Visitor: 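Submitted below is the structure of interest, expressed as structure tokens.
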Number of protein chains: 2
Amino acid sequence: MTQHRPTDLRRPLTLRDVSEACGVSEMTVSRVLRNRADVSPATREKVLAAARSLGYVPNKIAGALASQQVNLVAVIVPSLSNLVFPEVLSGISAGLEDTGLQPVFGVTNYSPEREEAVLYEMLSWRPSGVIMAGLEHTPAARAMLESAGIPVVEIMDTDGEAIDSVVGISHRAAGRQMAEAILAAGYRRIGFLGTKMPDDHRARKRMEGLLEGLEAHGLGLAETEFYQGGSALLKGREMTKAILERRPDLDFLYFSNDMIGAGGLLYCIEQGFDIPAGLGLAGFNGLDFLDGLPMRLATIDACRREIGEKAAAIIAGRGADGLVGGVFVELTPRLEPGDTIRRR
Amino acid sequence: MTQHRPTDLRRPLTLRDVSEACGVSEMTVSRVLRNRADVSPATREKVLAAARSLGYVPNKIAGALASQQVNLVAVIVPSLSNLVFPEVLSGISAGLEDTGLQPVFGVTNYSPEREEAVLYEMLSWRPSGVIMAGLEHTPAARAMLESAGIPVVEIMDTDGEAIDSVVGISHRAAGRQMAEAILAAGYRRIGFLGTKMPDDHRARKRMEGLLEGLEAHGLGLAETEFYQGGSALLKGREMTKAILERRPDLDFLYFSNDMIGAGGLLYCIEQGFDIPAGLGLAGFNGLDFLDGLPMRLATIDACRREIGEKAAAIIAGRGADGLVGGVFVELTPRLEPGDTIRRR
DNA sequence: CTGAAAGCGCTAACAT
DNA sequence: ATGTTAGCGCTTTCAG
């Protein structure tokens, strides 16, 4: 580490500086900079020229305080390392494009306490809306959201009680749907592999849905295996090895996400398992990453981008037409059987 | 979509509300809420109880305007779908922990114009610092950063002229380092596979470095292949097929990132190529995802997390000790030969 | 179309 | 340890 060059820390420019530079009142300068129509073209040009040449950047803090309007949307997700959430965020970005609203992201690491802290921090900037992953929050977080007086959209999950609006899929139903597909294909001895994350409620609900689906046919899970941390692909491999050594009679492995599923798939291919005839596999999410694997892993698309776009639309819509009231959107995920569930 | 429940939009609470609720002056309430020491325990309790029961959330907009202090750090990256940037962000989050500073993320989609727009937007909130990926910016963006009067850290890349501080690796050197390793292992007919992204300067510099390294030994690239969009793993597969069909004599493939490298590796394994004896492969980034593949792809670690942490430390350090002046940190990436470069 | 006055909700600086 | 005053930089409102 070496020092190389000093930075000067001068006072940021204000409207007044621009006003003095072009001889127009602060008020009119403000009008020009907010693109308001009621300014003569001549004045407008003069002001813009001055602002540009000075390098003026408006102070939104002052603007927001005066106008009581903040064009920010707080977006709170559990993780960025999951590949799932970045796609949701990109959907939100796209949905907010040209609305004048700007997303601001916060990450909770699947901790309810951190979620509460991040939410508090973000609400203190008085955003125009909040988009949060999941329906499970601390009581304090719920209270803050309910009394914030702004639209709140809970995303990804529809199994639970909403605060305001919801856009997501039913993970429980996705689990059941997979159970149906597995049983319909004739598999009977089913193993479940997932993350050891008490606060990943969606993964839990998928597993519960799977169980419900199996139990409806008088079956249960033959075996389970959980992990935490590390490279998901590698963990998928290791868990698969472990579960199959413990229970060589299993004929289907359901992975709680595509990444560990891909690891399991690679392992099974290497070991020469007869897929899908002798052993079936499935994951969850519908990551396009699966397209490049030796076989297409069966999966259920989580509609990540669409969820982001719809959530953004709800927040944006509110501002526009003054619509008030929760909206409930449940998307229907598609099961993609790929090459790892046998067809009958 | 169905309407289900109305939301009430009431006025947010102010300090005055809390003040009236507990019979303590606004000023003292403010002191309590900012955890200042000069308040009696009794008053403190009274105020906290009132604030909690009302559900008061401070208005940071007003606070920031009054104190001229904003505890936000603007972080601008080209993409979130890359897996590389989420790790940097997580390093930044970690590095900012317990500093009182909060990261705020913006995404540019590798567009200089979008970068400029996002930067303008973020600077208008007067953050305490800026962390940006890369050294290439529009002239307007450079001007804004130079005159913002706040610490600026450009990350990931050290090959170019800095505005203020820099934390990164030399991608050109990484390319050269890989060239040396390839040549030392005895490979001679080298193909390059990368993205068709004029604005991904780091990928470009890696390729240039590779070329320099090869040319220093009187060699060049035998063949190149570029792609854009789609599933990187699948593209890696397809590009590898294409380049090897065109030039079956190639004995080494250098991929500009690990994801397409992994796709290429899977393809080559399936095709029965003799790796690494007959054909060598290498990627870039050091993603831990590689751990789960059938063979370990050679790669160079991009020090993503460490870069994030160091950048955060620089921003945080400035505030504390009033340090002024750019810091230059060049990390030395480690080459991990894995199983896909032959050892001599 | 342009300007002047008032004030957004909070905190710095100064009392007490 | 607590209260009072002034003002952060902008926009709203109202006058011209």
Side-chain angles (χ1 to χ4, degrees), chain A residues 10-48 50-51 54-72 100 121 123-128 148-149, chain B residues 10-48 50-51 54-72 100 121 123-128 148-149:
Chain A
R10 43 177 180 279
R11 172 182 71 77
L13 297 163
T14 69
L15 262 190
R16 158 169 241 121
D17 295 309
V18 180
S19 166
E20 283 170 359
C22 63
V24 177
S25 79
E26 281 185 50
M27 196 52 238
T28 301
V29 171
S30 166
R31 286 189 178 101
V32 171
L33 266 34
R34 280 176 296 148
N35 271 318
R36 293 199 29 167
D38 52 354
V39 182
S40 75
T43 329
R44 172 181 303 279
E45 277 321 307
K46 210 168 22 169
V47 170
L48 284 177
L54 289 174
Y56 172 70
V57 177
N59 184 332
K60 289 231 183 193
I61 297 173
L65 184 63
S67 67
Q68 305 279 53
Q69 286 212 8
V70 179
N71 67 337
L72 261 26
E121 186 70 24
L123 284 181
S124 73
W125 287 99
R126 301 285 187 264
S128 294
Chain B
R10 42 174 182 280
R11 171 183 71 77
L13 297 162
T14 69
L15 261 191
R16 159 169 239 120
D17 296 308
V18 180
S19 165
E20 285 170 358
C22 63
V24 176
S25 78
E26 283 185 47
M27 196 53 232
T28 301
V29 172
S30 167
R31 287 188 178 103
V32 171
L33 267 33
R34 280 177 294 147
N35 269 317
R36 293 197 30 166
D38 52 353
V39 182
S40 76
T43 328
R44 172 181 304 276
E45 278 321 307
K46 208 165 29 167
V47 170
L48 284 177
L54 290 173
Y56 172 70
V57 177
N59 185 333
K60 289 229 182 192
I61 297 173
L65 184 61
S67 66
Q68 305 280 52
Q69 286 213 10
V70 178
N71 68 336
L72 262 24
E121 186 70 24
L123 285 181
S124 73
W125 287 99
R126 301 285 187 265
S128 294

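A note on names: the letters A, B, ... follow the listed sequences, proteins ahead of strands, and every chain is numbered from 1. This structure is a prediction, so every number in the text was calculated from the model and none was measured.
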Visitor: To the nearest Å, give me how far apart CG (A:D38) and P (D:dG16) are.
Guide: 18 Å
Visitor: Counting side-chain heavy atoms from C-beta on, which of D:dT2, C:dT2, D:dC8 comes nearest to B:L65?
Guide: D:dC8
Visitor: For D:dT12 and A:R34 - does any side-chain N or O of the residue sit under 4.0 Å from the phosphate oxygens OP1/OP2?
Guide: yes
Visitor: Would you mind telling me which residue lines up with the more 5' stretch of DNA chain D, B:V24 or B:A66, judged by nearest nucleotide?
Guide: B:V24
Visitor: Both B:I61 and B:R36 contact DNA chain C. Taking the nearest nucleotide for each, which residue is further toward the 5' end?
Guide: B:I61
Visitor: Ignoring backbone atoms, establish whether A:T28 has a side-chain N or O less than 4.0 Å from OP1 or OP2 of C:dG3.
Guide: yes
Visitor: For the residue pair A:L48 and A:V32, establish whether any side-chain heavy-atom pair is separated by less than 4.5 Å.
Guide: yes
Visitor: Are any of B:S67's side-chain N or O atoms less than 4.0 Å away from OP1 or OP2 of C:dT11?
Guide: no
Visitor: Given D:dT2, is OP1 or OP2 found less than 4.0 Å from the side-chain N or O atoms of B:T43?
Guide: yes
Visitor: Please state whether the phosphate of C:dT11, meaning OP1 or OP2, lies under 4.0 angstrom from any side-chain nitrogen or oxygen of B:R31.
Guide: no
Visitor: Can you check whether A:S30 has a side-chain N or O nearer than 4.0 Å to OP1 or OP2 of D:dT11?
Guide: yes
Visitor: Donor-acceptor pairs under 3.5 angstrom involving side-chain atoms of residues 54-66 of chain A: please list them, not counting sequence neighbours.
Guide:
residue: A:N59; atom: OD1; partner: A:I61; partner atom: N; Å: 2.8
residue: A:N59; atom: OD1; partner: A:A62; partner atom: N; Å: 3.2
residue: A:K60; atom: NZ; partner: B:E121; partner atom: OE2; Å: 3.0

Visitor: Check the distance between C:dG9's C1' and B:L33's CG and give it to me in whole angstrom.
Guide: 13 Å
Visitor: Please name the pair of heavy atoms, one in A:V18 and one in A:V29, separated by the smallest distance, quoted to 0.1 Å.
Guide: CG1-CG1, 3.7 Å
Visitor: Just verifying a value: how many Å separate A:E45 CD and A:C22 SG, rounded to the nearest 0.5 Å?
Guide: 11.5 Å
Visitor: Heavy-atom distance under 4.5 Å between the side chains of B:L33 and B:L15, does that happen here?
Guide: yes
Visitor: Which one, C:dT2, C:dG9, D:dT11, comes nearest to the side chain of A:S40?
Guide: C:dT2
Visitor: Using atom CE of B:M27 as one end and atom P of C:dT16 as the other, report the distance to the nearest whole Å.
Guide: 17 Å
Visitor: If you compare every side-chain N and O of B:Y56 against the phosphate oxygens of C:dC10 (OP1, OP2), does one of them come in below 4.0 Å?
Guide: yes
Visitor: Has B:R16 got a side-chain N or O lying under 4.0 Å from the OP1 or OP2 atom of C:dG9?
Guide: no
Visitor: Quick one: is B:T14 getting a side-chain N or O under 4.0 Å of the C:dG9 phosphate, OP1 or OP2?
Guide: no
Visitor: Has B:Q68 got a side-chain N or O lying under 4.0 Å from the OP1 or OP2 atom of D:dG9?
Guide: yes
Visitor: Using heavy-atom distances to pick each residue's nearest nucleotide on DNA chain D, tell me which of A:L15 and B:G23 is more 5'.
Guide: B:G23
Visitor: Just the rounded figure in Å: distance from C1' of C:dG7 to CD of B:E26.
Guide: 14 Å
Visitor: Just to be sure I understand the rule, does A:N59 reach a base, reach only the sugar-phosphate, or reach nothing, if contact means heavy atoms closer than 4.0 Å?
Guide: sugar-phosphate
